[in-house]
Participant: 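Structure incoming, see below.
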Amino acid sequence: AVGAKGKMKAQLKSKWTFTSPIHGDILEAWTSKAADPDTEVAKWVTEGTPLGINCDIKSKGIFPPSDRDAEQESMVDAAMQMARGSLVNYTSVMENKEDTKVEVDRLERLGFLKKIDGKTVRDEFSQGTISKLAIIIKERPDKTKKRRLIIDLRRSGGNSKARLEERLVLPRAMDAVAMMRTMSKLQEAPSAAEQREMWKREMVLIDVADAFPHLAVHHQELEHCVTPGLHEGEFFLFRALLFGYKTAPLLWSRVAAWLGRMI
């Protein structure tokens, strides 16, 4: 429908790279067909998403420029962090190891994270950032648990290394009201016969499960996605976007805004 040619049968990529479940070829063709300005979204899906640290997040005018001054870049890297001694996660993780393991195993099955050892961190990611991991656990009305892992790049200095050129602006309640008024004016007081023939007007709320991790992290940014594991000498490499990255809300909102315009 949009002229997509399909994914390439053979693709060379880093052994650490995660492949997004989103079809980048469809996004690219759809963007071209619609003449949409945000051509970066399809690239993020196909090539990996920048975090604004080693790779710039290119602005396409979707959100206004950031009005914050750039933060002081942190010079502490993973090798220096490891040299200081044992790295452990936050108390929420240490006191809820079973729940954390359940969520880690789930994310590992989905390919969002990979377990690595200290030698790999030193050999492959020594110039990056190691951030502590936290977990938030909420009990749903049906007594099941909702678990959310958060990688704290603020305390580790990873977020101070990131450049965020755009300011995230979310829709307001009055925007939804204005949208409904506009839809209402499209056809005033239709008759019963007209109503049967016309398209129905519907409000739809789309809640995307594991929204952020749909975006794979660019291989040049992976060195900033390392956390301590649950055992001595173990580390986690988060290959997909996760809560805790300063730029993650903007990145995902660019994708959501693109989808909204396409629909």
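Since the model is a prediction, treat every value here as computed from it, not as a measurement. Residues: numbered from 1 along the sequence shown. Reckoned from all heavy atoms, side chains included, excluding hydrogens, waters and symmetry mates.
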Participant: Within a reach of under 6.0 Å around CG of Asp142, are more than 12 heavy atoms found that belong to other residues, nucleotides or ligands?
Facilitator: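 Check passes, neighbour count above 12.
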
Participant: Is Leu133 close to Ile150 at the side-chain level, that is, under 4.5 Å between some pair of heavy atoms?
Facilitator: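 Side chain of Ile150 against side chain of Leu133, heavy atoms only: no contact under 4.5 Å found.
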
Participant: Give the C-alpha distance, both sets of side-chain angles, the deciding distance and a yes or no for side-chain contact (heavy atoms from CB on, under 4.5 Å) between Glu223 and Asn54.
Facilitator: CA-CA 9 Å; Glu223 64 184 15; Asn54 295 341; 2.9 Å; yes

Participant: Quick check against the 3.5 Å criterion: does Glu221 have a side-chain atom that pairs as donor or acceptor with the backbone of Leu51?
Facilitator: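 Yes.
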
Participant: Take Val208 and His214, measure what side-chain contact (heavy atoms from CB on, under 4.5 Å) needs, and give me the verdict at the end.
Facilitator: CA-CA 9 Å; Val208 182; His214 276 74; 3.8 Å; yes

Participant: So which heavy atom on Ala216 is nearest to which on Ser20, and how close?
Facilitator: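 Minimum heavy-atom separation between Ala216 and Ser20: CB-N, 4.2 Å.
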
Participant: Do Phe238 and Ile22 land in one hydrophobic cluster if side-chain heavy atoms of ILVMFWY residues count as linked below 4.5 Å?
Facilitator: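 Linked, Phe238 and Ile22 end up in one cluster.
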
Participant: Check for a donor-acceptor pair, side chain of Thr182 on one end and backbone N or O of Ala178 on the other, with a separation under 3.5 Å.
Facilitator: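 Such a contact is found between Thr182 side chain and Ala178 backbone.
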
Participant: Rounded to the nearest 0.5 Å, what separation is found between the CZ atom of Arg122 and the OG1 atom of Thr120?
Facilitator: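 Going from the CZ atom of Arg122 to the OG1 atom of Thr120 covers 10.0 Å.
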
Participant: Just to verify, what does Glu103 make a side-chain hydrogen bond (donor to acceptor under 3.5 Å, both in side chains) with, not counting sequence neighbours?
Facilitator: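 Applying side-chain hydrogen bond (donor to acceptor under 3.5 Å, both in side chains) to Glu103 gives Arg106.
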
Participant: Donor-acceptor pair, distance only, cut-off 3.5 Å: does the side chain of Arg239 make one with the backbone of Val217?
Facilitator: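 Not at all, since once roles are kept as given, no pair shorter than 3.5 Å links the two residues.
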
Participant: Within the structure provided, determine whether Ile135 and Ser92 are in side-chain contact (heavy-atom separation under 4.5 Å).
Facilitator: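 Sidechains of Ser92 and Ile135: in contact.
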
Participant: What's the shortest heavy-atom distance between Arg148 and Lys146, and which atoms?
Facilitator: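 Smallest heavy-atom distance, with atoms named: NH2-NZ, 3.7 Å.
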
Participant: Is it the case that the side chain of Thr46 and the backbone of Lys43 share a donor-acceptor pair, with hydrogens and angles ignored and the cut-off at 3.5 Å?
Facilitator: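 Side chain of Thr46 to backbone of Lys43, a donor-acceptor pair under 3.5 Å: no, none is there.
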
Participant: Testing the basics here: between Ile26 and Ala4, what is the closest heavy-atom pair and its distance to 0.1 Å?
Facilitator: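 Smallest interatomic distance, heavy atoms only, reads CA-CB, 3.9 Å.
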
Participant: Taking the side chain from Lys246 and the backbone from Ala162, do they hold a donor-acceptor pair closer than 3.5 Å?
Facilitator: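 Side chain of Lys246 to backbone of Ala162, a donor-acceptor pair under 3.5 Å: yes, one is there.
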
Participant: State, with a plain yes or no, whether a side-chain heavy atom of Ile130 is found less than 4.5 Å away from one of Pro228.
Facilitator: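 They are in side-chain contact.
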
Participant: Counting C-beta onward and ignoring hydrogens, is there a side-chain heavy-atom pair between Leu149 and Phe236 closer than 4.5 Å?
Facilitator: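 In short, these two side chains do not touch, never coming nearer than 4.5 Å.
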
Participant: Spell out, yes or no, whether Val41 and Met262 are grouped together once hydrophobic residues are joined by side-chain heavy atoms under 4.5 Å, including indirect joins.
Facilitator: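 Hydrophobic grouping puts Val41 with Met262.
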
Participant: For the atom pair NE2 (His224) and OG1 (Thr129), what is the distance rounded to the nearest 0.5 Å?
Facilitator: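 It comes to 5.0 Å.
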
Participant: Would you say the side chain of Asp36 lies within less than 4.5 Å of the side chain of Arg261, judging by non-hydrogen atoms?
Facilitator: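 When only atoms from C-beta onward are counted, Asp36 and Arg261 do touch, with a gap below 4.5 Å.
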
Participant: Arg109: what forms a side-chain hydrogen bond (donor to acceptor under 3.5 Å, both in side chains) with it, not counting sequence neighbours?
Facilitator: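 Per chain and number, Arg109 pairs via side-chain hydrogen bond (donor to acceptor under 3.5 Å, both in side chains) with no residue.
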
Participant: For a 4.5 angstrom cut-off between non-hydrogen side-chain atoms, does Glu40 reach Thr49?
Facilitator: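 Answer no - side chains too far apart.
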
Participant: Please report the interatomic distance CG(Leu87) to CD(Glu232), rounded to the nearest 0.5 Å.
Facilitator: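 Going from the CG atom of Leu87 to the CD atom of Glu232 covers 9.5 Å.
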
Participant: Could you measure the distance from the CD1 atom of Ile116 to the CG atom of Leu237? Nearest 0.5 Å is fine.
Facilitator: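 CG of Leu237 is found 5.0 Å from CD1 of Ile116.
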
Participant: The criterion is salt bridge (charged side-chain N to carboxylate O under 4.0 Å, His left out); which residues satisfy it with Asp105, sequence neighbours excluded?
Facilitator: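 Testing Asp105 for salt bridge (charged side-chain N to carboxylate O under 4.0 Å, His left out), a comparison that skips the adjacent residues, returns Lys101, Lys115.
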
Participant: Report yes or no: do Leu230 and Leu242 belong to one cluster of Ile/Leu/Val/Met/Phe/Trp/Tyr joined by side chain heavy-atom distances under 4.5 Å?
Facilitator: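 Same cluster.
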
Participant: So for atom CZ, which belongs to Arg181, do other residues, nucleotides or ligands contribute more than 12 heavy atoms lying within a distance under 6.0 Å?
Facilitator: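 Atom CZ in Arg181 is not packed in, count stays at 12 or less.
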
Participant: If a pair satisfies ring-ring contact (aromatic ring centres under 6.0 Å, His included) and one of its residues is in residues 140-186, list it, with sequence neighbours excluded.
Facilitator: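 Residue pairs with at least one partner in residues 140-186: there are none.
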
Participant: Considering residues, nucleotides and ligands other than Arg155, do more than 12 of their heavy atoms fall under 6.0 Å from its CZ?
Facilitator: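 Counting other residues, nucleotides and ligands, CZ of Arg155 stays at 12 neighbours or fewer.
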
Participant: Given 3.5 Å as the limit, does a donor-acceptor pair link the side chain of Arg163 with the main chain of Ile53, or not?
Facilitator: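 At least one qualifying donor-acceptor pair exists.
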
Participant: Taking only Lys NZ, Arg NE, NH1 and NH2, and the carboxylate oxygens of Asp or Glu, determine whether Lys5 and Asp25 approach each other closer than 4.0 Å.
Facilitator: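 Between Asp25 and Lys5 there is no salt bridge, as every charged N stays at least 4.0 Å from the carboxylate O atoms.
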
Participant: With no hydrogens and no angle check, is any side-chain donor or acceptor of Asp152 less than 3.5 Å from a backbone partner on Arg154?
Facilitator: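 The answer is yes, because a donor-acceptor pair under 3.5 Å joins these two groups.
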
Participant: Under the salt bridge (charged side-chain N to carboxylate O under 4.0 Å, His left out) test, which residues partner Lys143, sequence neighbours left out?
Facilitator: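 Per chain and number, Lys143 pairs via salt bridge (charged side-chain N to carboxylate O under 4.0 Å, His left out) with Glu139.
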
Participant: Within the distance-only criterion (no hydrogens, no angle test), does the side chain of Asp175 pair as donor or acceptor with the backbone N or O of Arg172 below 3.5 angstrom?
Facilitator: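 Checked: pair present.
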
Participant: Examine distances only and state if a side-chain atom of Ser32 and a backbone atom of Glu28 form a donor-acceptor pair shorter than 3.5 Å.
Facilitator: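 Answer holds: no.
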
Participant: Could you give the distance from NE2 (His218) to SG (Cys225), rounded to the nearest 0.5 Å?
Facilitator: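 Output value for this atom pair is 12.0 Å.
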
Participant: Side-chain contact test, heavy atoms from C-beta onward, threshold under 4.5 Å: evaluate it for Pro65 versus Glu165 and give yes or no.
Facilitator: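 With C-beta onward as the side chain, the pair stays apart.
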
Participant: Dump the intermediate steps for side-chain contact (heavy atoms from CB on, under 4.5 Å) on Asp117 and Glu234, then the final yes or no.
Facilitator: CA-CA 5 Å; Asp117 56 27; Glu234 179 185 63; over 6 Å; no

Participant: For residues Pro213 and Leu110, determine if any side-chain heavy atom of one lies less than 4.5 Å from a side-chain heavy atom of the other.
Facilitator: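 No, every pair of side-chain atoms sits at 4.5 Å or beyond.
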
Participant: How would you list, by chain and number, every residue that makes a side chain to side chain contact (heavy atoms under 4.5 Å, CB included) with Ala176, sequence neighbours excluded?
Facilitator: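 Not a single residue meets the side chain to side chain contact (heavy atoms under 4.5 Å, CB included) criterion with Ala176.
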
Participant: Any ring-ring contact (aromatic ring centres under 6.0 Å, His included) pairs touching residues 17-63, not counting sequence neighbours?
Facilitator: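 Listed once each, the pairs are Phe18-Phe112, Trp30-Trp258.
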
Participant: Give every residue pair that meets the ring-ring contact (aromatic ring centres under 6.0 Å, His included) criterion with at least one member in residues 117-155, sequence neighbours excluded.
Facilitator: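 Output for this query lists Trp16-Phe125.
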
Participant: Who passes side-chain hydrogen bond (donor to acceptor under 3.5 Å, both in side chains) against Asp38, sequence neighbours left out?
Facilitator: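 side-chain hydrogen bond (donor to acceptor under 3.5 Å, both in side chains) check on Asp38 returns Arg254.
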
Participant: If you take all heavy atoms of Leu170 and Ser253, which pair is closest and at what distance?
Facilitator: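 In terms of heavy atoms, the two residues are closest at CD2-OG, 4.4 Å.
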
Participant: Cluster partners of Val177, using ILVMFWY side-chain heavy atoms under 4.5 angstrom, listed by chain and number?
Facilitator: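 Cluster partners of Val177: Met174.
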
Participant: List in chain and number order the residues that pass ring-ring contact (aromatic ring centres under 6.0 Å, His included) with Phe243, two or more places apart in sequence or in another chain; answer none if no residue qualifies.
Facilitator: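 With sequence neighbours excluded, Phe243 shows a ring-ring contact (aromatic ring centres under 6.0 Å, His included) to Phe212, given in chain and number order.
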
Participant: Using 0.5 Å steps for rounding, measure from the CD atom of Glu124 to the CG atom of Leu222.
Facilitator: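 Taking CD in Glu124 and CG in Leu222, the distance rounds to 10.5 Å.
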
Participant: Report the residues that fulfil side-chain hydrogen bond (donor to acceptor under 3.5 Å, both in side chains) with Asn89, sequence neighbours left out, ordered by chain and then residue number.
Facilitator: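 For Asn89 there are no side-chain hydrogen bond (donor to acceptor under 3.5 Å, both in side chains) partners, ignoring immediate neighbours.
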
